[in-house]
Every structure is written in structure tokens, then in C-alpha cells.
Amino acid sequence: MTTRRDFLTSTAAAAAALSVLPGGAQGETPVASPALPVAPGAELAPRPVVISSGNGIRGVKVAYDQIVRGTDTLDAIIAGINIQELDPDDQSVGLGGFPNADGVVQLDASCMHGPTKRAGAVGCLEDIATPSLVAKAVMDYTDHIMLVGAGAKRFALDMGFRSQPLLTEKTRQDWLRWKARLNPNDFWLDHDDDVKIKFSTGTINMNAVNAKGEISSCTSTSGMAWKIPGRLGDSPIVGAGQYCDNEVGAAGSTGRGEANIKVCGGFLTVEHMRQGMAPAQAVLKTLERLVAMTESRLLRPDGRPNFDIQFYAVAKDGRYAAGSLYEGADFAVCDEKGPRLETCVFLYPRGR
Ligand code: GLY
């Protein structure tokens, strides 16, 4: 009798030998989760796994441990995401996240719960450190899916969330330096230190499946640093920043949200898996579509995008992968082998 482990080993070897994945030169592409063709009639039992953007390396373990103890997959991944949201040193989400051009931290998040087919989202939320939990509260307690701005904050306060300043001293200093350097002819003195002012689009996306094949996804962010006040990225948009279909799998994204919104990348990646693609193929196919939809002002002389973006995907049976436009990104995984960083598949090798 062929065990599941035998099946995975043999199909992984077959997929590797075939080099079926697009993107990168053949034999160079690091494949996080090999393309596993599902043999006709083969039944792959779901296996619990949590995947996340690399900054979720602590959170995937917390989420995985909760899932194997029986916690709902969405509650578990939000517990994992809360670690980054409440960490003042993570300048991509929650407390300490980069502010907008006015120095105000505005947070976005969305989530989906596969078993009940529900979703929730918040955008431009101020003074509440855990937008992932507020998004879930929108899902749990209202007939709406998305609340934004002052209404989202009022809702959060009504639900008992604590209002607190989110701009840390370090992040305020970074914002002041960015502001001072905006215009060499204004009355702000530029610092002559060599502190690099980041222009990041940091975010955390986390997706999980449990042993029953129940799937959830969640994404949380402070958005693009120094954004125009009121800007929403992809993270709060169900179908872009994350998407989950309990029959198929879940997917989410970090990186330039404006690029993702145009391809509805979370939804598109899940649809690719629905059509039979393995997670690695699905994320690469989404990246290809995103490149095709990139306007010319954002293309380098070699025709490639001048930004990066990542997609993360988990299938109902526990296969997973993450893909990045450019080589070098990694992502966090936790399963029965414990938490670790793995390498994203990619479209373009670095430096070429
Ligand atoms: N992907 C996060 C953002 O663009 O806001």
C-alpha cells in the first residue's frame, strides 16, 4: 500500500525532474512546495500548516500550536498576527507602524473564515493597535464586511477595543526625517546623518489549514509609509490582500498594494488552485498577470517592475508556497516540523 508520505516523496521527485514550474531559469528556481500532481483517485488528507510573510515567524508557531490544540483557524492566525501588531519594533503593522504623510498611523486589515464563508475588513483605522481583531469583529457582529475611517474607530471603541497612540518615538523620528528631506528649499533642516529613510510597504499575511481541511486567511498592515492620508492598499480588500475558499485554499499578499488590487491577487491565486495548479504554480501565474498589468511608468529599462510583491498560498490538503517577483524573499511556515523560514519561488533572478 502506498502511504501518503511515499506518494508525496515520489510526486515531489517527479515534479522536480520535470521542472514544470515557470519563472526563473530551469534548475535555478527555489521551489518552496513542489508542484504535486494529484493522482486520479488519490485522497490527500489535510495536514495542519500555517504560512505567513517572513515577519510572521513567531506568529506561525503560536497559530500552529493553537490549531493542533483545536482552536479555530481564524482565531489562531489572528493570535499570530497580534504578535506583530503589538510589537512596537515592527514598523509595518499596528503599534509602531509607519504613519501617513501627516504623521498619523492609519491601519488596514481583512480576514476570511472558510468554514462559515464570512469576511470582515477595516481601513484607515486610527488609534487601535489590532485591526485584524477589529476586522474579525466586523465579521462576527455586523451584516457589513468593511468599515473605514472614523466609523471603523467608533465601532472598535463600541466593541471595547482600547484607544492608544500608535506613533512610537522611533517611527516619529523617521517621519520627521522623511518630512525634512522632502524639499531642499523649505525651512526644515535636513539631517546630515546617513540614516536610511525606508519607503516600505510592510504587511503581515497569514493563512492556515487544520486537519479537518478548515481554512482561514488574514492580512494586516500600516500600509505604504508616508502615504497620502486616506489611502487604502490591498490589505483590507477581500480578494486582493487575502482570500479564502474552504473548498480550495487561501492566499494573501504583501508588497505594493496598488499592483495587487488591479489583479485581485488573493482571489486569482485561489482560482488558479481551483483550476488544479499547485500553490507554487498558482502564485507564479498571479505574478505573471501582475507584471502584464503593470503600467509603463513603473517598469525599469529592462521591462521588469521597479517594485516587489509577494503572494502566499496554502491548499486545502496542506500544500503551500510563496512567490515573489524578485529572488531573495522568504516566508514563514509552521507544521509538524516546527517554525522556519523557506524561500519564495520567483519570476526574476536578482541582478539580472
Ligand atoms: N500591501 C500593503 C499595502 O500596500 O498597503
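Along the sequence shown, the residues carry numbers beginning at 1. Numbering of ligands and ligand atoms starts at 1, following listing order.
- Using a 4.5 Å cut-off between side-chain heavy atoms of Ile, Leu, Val, Met, Phe, Trp and Tyr, with links allowed through other members, Val134 and Met206 fall into the same hydrophobic cluster.
- The ligand atoms of ligand 1 that sit less than 4.0 angstrom from a heavy atom of Thr203 are 1 (N), 2 (C).
- Checking Arg256, Met224, Arg231 against atom 4 (O) of ligand 1, the nearest heavy atom belongs to Arg231.
- Distances from atom 1 (N) of ligand 1 to the heavy atoms of Gly255, Ser235, Gly257 put Gly255 nearest.
- Qualifying side-chain contact (heavy atoms from CB on, under 4.5 Å) partners for Arg154, counting only residues two or more places apart in sequence or in other chains: Asp158.
- Taking the six-membered ring for Trp and the full ring otherwise, the centers of Tyr326 and Tyr348 sit less than 6.0 Å from each other.
- Looking at Asn205, Ile261, Asp234, Thr221, it is Asp234 that brings a heavy atom closest to atom 3 (C) of ligand 1.
- Taking the side chain as every heavy atom from C-beta outward, Leu107 and Ile128 never approach each other to under 4.5 Å.
- In this structure Asp90 satisfies the salt bridge (Lys or Arg N to Asp or Glu O under 4.0 Å) test with no other residue, sequence neighbours excluded.
- Residue-level proximity to ligand 1 for Gln310 is absent, since no heavy atom of it falls below 4.0 angstrom.
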